[in-house]
Each structure stands twice: as structure tokens, then as C-alpha cells.
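The shown structure was predicted, so the numbers you read here are calculated from the model rather than taken from an experiment. Every chain is numbered from 1, with letters handed out A, B, ... down the list of sequences.
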There are 2 protein chains.
Amino acid sequence: MDIIKYVHLDGQSMISEPRYDCAIDAAMSVIEGRWKTVIICKLYRNGAPMRYNQLMAQIEGISPRIFTLQLKEMERDGIIVRNVRSTKPKCVEYYLSERGFSLLPILKSLAEWGLKNMFSNMVEFDDGITVPSKDDLKESGLC
Amino acid sequence: MDIIKYVHLDGQSMISEPRYDCAIDAAMSVIEGRWKTVIICKLYRNGAPMRYNQLMAQIEGISPRIFTLQLKEMERDGIIVRNVRSTKPKCVEYYLSERGFSLLPILKSLAEWGLKNMFSNMVEFDDGITVPSKDDLKESGLC
DNA sequence: CAGCATCCCCTAAGATACTG
DNA sequence: CAGTATCTTAGGGGATGCTG
């Protein structure tokens, strides 16, 4: 089954979409993107919906253009919800959808795998001083 | 713990590596790559080691340069093993390492997630005729 | 057989300035 | 506050031909 094309049906018209070789790639395409897993983690840990700037402030090094782009793609893929409150000035909230939440077990598996397999030769942390044990990292959960 | 730098120790020297924000990205970096999941699936399903050309022949549309590149990265990350048999002409085998095998549960989760969430609006297959049911796809396993 | 060597291309990503 | 609008860049990916 690895050769699959699919198209989205958008009301009347058909929108051609990229081709995926298998279901794995379809899922990967949803979480691939420089900041998507970070965004998911932040939203998850925050528990409540987050405003655009509030969320962006938590992500060091991201530019507004890319941030917006990632959000748009994630909304299109149905893993986050964008909700506009008509206050003045307007307030736009983002939060994980049910589908977004359903990614968390996978992300946890990935985190555990990464911890066990890729960080064995990790020797330096940002602060340049402390090197947390793997267990410390582990109990901190996602991200 | 999302701000992490790490470096590889290669004998005496230190090799600077890309920076990952969290363990998730570290794991993702191993399976990201246009053909890596496909290669893993092929090796897994084949059961036995596969030769370079034998494996490449099973991957429609890949070019030798990219194929070699993906293999090299996967070998560097320790998820496949490259074994050279000194026959004439030489024979090079590739197979999944223990670490590579340990990715399979994650890939299966991704496949299931993709099947459930991304293929609901799939309407067209390569042959342009049959549209297998999700159950058909599911029982075909990985890829 | 198992790959390099070259060349090209496209797109994700980033920097920065501006706005309804 | 929540984004656009422009411009630029890096590098992952691809095509094709050649070789120890």
C-alpha cells in the first residue's frame, strides 16, 4: 500500500495535495515543521488556550512569519483550534484539538526514544554548567 | 528542559552537531528524511539483510545519490548496519540495528494515527480505480 | 555492484519592517 | 494585538553520467 495519492474534497472543488507514500508519512507531515512539536508541547503544558503573542513569547527564536505559518498549517491539519474573541483589541486564542491531543502519546514515545538513544553522548547544556541526569529530564515530561 | 545543546565526542575531537530543542526533535531528526521510513519498512518486512541495489529497486523514484545519503545518515545515527562482504564483485548488505528495530512501535503508532486521521478524505489511488477500505490498508501493516 | 561527481531546483525557514 | 509584506538564504532533494 505504499503508493497512494489522495486529494481533498473542498466543497465542490478538488484540491490537489502532496503525495504520501504511506500512512507514516501522512502522520509525519503533520508534525514535521521546525516548531510544530514545540508549539504542541507549550499548548499542552499550559493547559488553557493561549493568545498569539503569549504563545510566541514562549518560543525563543521564532519569527512572526514562520510562527503564523506553522499555526496555519496546524489548524489546516486539524490539530489546533483558532478562536477569535471580538474584544478590542481582538484576542485570538489557540488550543489543541482532540486530534492534536491524540498526538501526545506518539510525541512521548519520540521523546523517550530520543532521550534513550540520542542523548547518551550529550555533554553540554545551554547554561554551560549543570548537566541534568537523564532521569531529571525524564521526569520533566514532554519538552 | 527545552533548551538543549549537545556535542558528539568523536575520539579526541568534538564534533559540533545541530541544536535540538528537545528530545522529540532529536528523535524526529533520525526518521525525518524523504525515504528513511520507507527504507526502515522495507528492511523490516524483508526480514533479512538487503543489498544496495536490491533495496533501492524496491523504492520507486529514488536516485542513487539520495539513497546513499539517507543510508549514510541512518548508519551514522545507528539505526541501520552496513556490512561489506568481500566477494567479487563486493556485496554490501544493510539491515536494521537493535536501535532501528526499537523505532518500529513508534512508526506503527504514526501509521495508525495517519490512517485514522489523514486518510478520511482520501478519494483516489494510484491505479485510479480501486479505493481500498481502511481495514484493507490496516491489515497490510507497516507501509 | 555499489556507489561518487556535478549540476540544478525548490521550498522551508529566517530577518525585518510595516499595519488593520 | 495579531498578524502581513518583502526579501533572502540554506540545504534537502533530484537528474544524470561515470567508476573502482
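- Summarising the geometry, the separation between CD1 on A/Ile66 and C1' on D/dT6 is reported as 13 Å, rounded to the nearest angstrom.
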Let me see the working for B/Lys42 and B/Asn46 under side chain to side chain contact (heavy atoms under 4.5 Å, CB included), right down to the final yes or no.
-> CA-CA 6 Å; B/Lys42 298 292 183 191; B/Asn46 193 67; over 6 Å; no
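- Under the side chain to side chain contact (heavy atoms under 4.5 Å, CB included) criterion, A/Arg82 pairs with A/Glu75, A/Val84, A/Val92, A/Tyr94, sequence neighbours left out.
- Close to D/dG3, at under 4.0 Å from its OP1 or OP2, lies a side-chain N or O of A/Arg82.
- Taking CD1 from A/Ile31 and CD1 from A/Ile79, the interatomic distance works out to 8.5 Å, rounded to the nearest 0.5 Å.
- When rounded to the nearest whole Å, the span between CE of A/Met50 and P of D/dA2 equals 11 Å.
- Residue whose closest nucleotide on DNA chain D sits further toward the 5' end, between B/Glu32 and A/Tyr94: A/Tyr94.
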Mind running side chain to side chain contact (heavy atoms under 4.5 Å, CB included) on A/Glu93 and A/Met50 for me, showing each step along the way?
-> CA-CA 5 Å; A/Glu93 299 176 329; A/Met50 297 179 79; over 6 Å; no
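- Nucleic acid contact for B/Gln70: sugar-phosphate only, since backbone atoms but no base atoms lie under 4.0 Å from a heavy atom of the residue.
- A residue-by-residue look at B/Gly61 and A/Asn53 shows that A/Asn53 has its nearest nucleotide of DNA chain D further toward the 5' end.
- As judged by a 4.0 angstrom heavy-atom cut-off over every strand, B/Arg65 is placed among the base-contacting residues.
- You'll find that the side chain of B/Pro64 is closest to D/dT16, out of D/dT16, D/dG13, D/dT4.
- Atoms CZ (A/Phe67) and C1' (D/dC1) sit 12 Å apart, rounded to a whole Å.
- Across all strands shown, A/Gln54 has no heavy atoms under 4.0 Å from either base or sugar-phosphate atoms.
- Across all strands shown, A/Lys36 has no heavy atoms under 4.0 Å from either base or sugar-phosphate atoms.
- Between B/Leu69 atom CG and D/dA15 atom P there is a gap of 15 Å when expressed in whole angstrom units.
- Residues B/Leu43 and B/Phe67 share a single hydrophobic cluster, defined by chaining ILVMFWY side chains whose heavy atoms lie under 4.5 Å apart.
- Residue contacts for B/Lys72: at a heavy-atom cut-off of 4.0 Å it reaches the sugar-phosphate backbone alone, with no base atom in range.
- When only modelled atom types and interatomic distance are considered, B/Asn117 and A/Ser102 share no side-chain donor-acceptor pair under 3.5 Å.
- Note: CG (A/Leu71) to P (D/dC1) measures 17 Å, nearest angstrom.
- Follow the hydrophobic side-chain contacts under 4.5 Å out from A/Tyr44 and you reach A/Ile80 in the same cluster.
- One can place CD1 of B/Ile62 at 10 Å from P of D/dG13, the figure rounded to the nearest angstrom.
- Residue B/Met56 is the one, among A/Glu73 and B/Met56, whose nearest nucleotide of DNA chain C lies closer to the 5' end (criterion: closest heavy atom).
- In summary, contact between chain B and DNA chain C, defined as any nucleotide atom under 4.0 Å from a heavy atom of the protein, begins and ends at C/dC1 to C/dT6 in the 5' to 3' direction.
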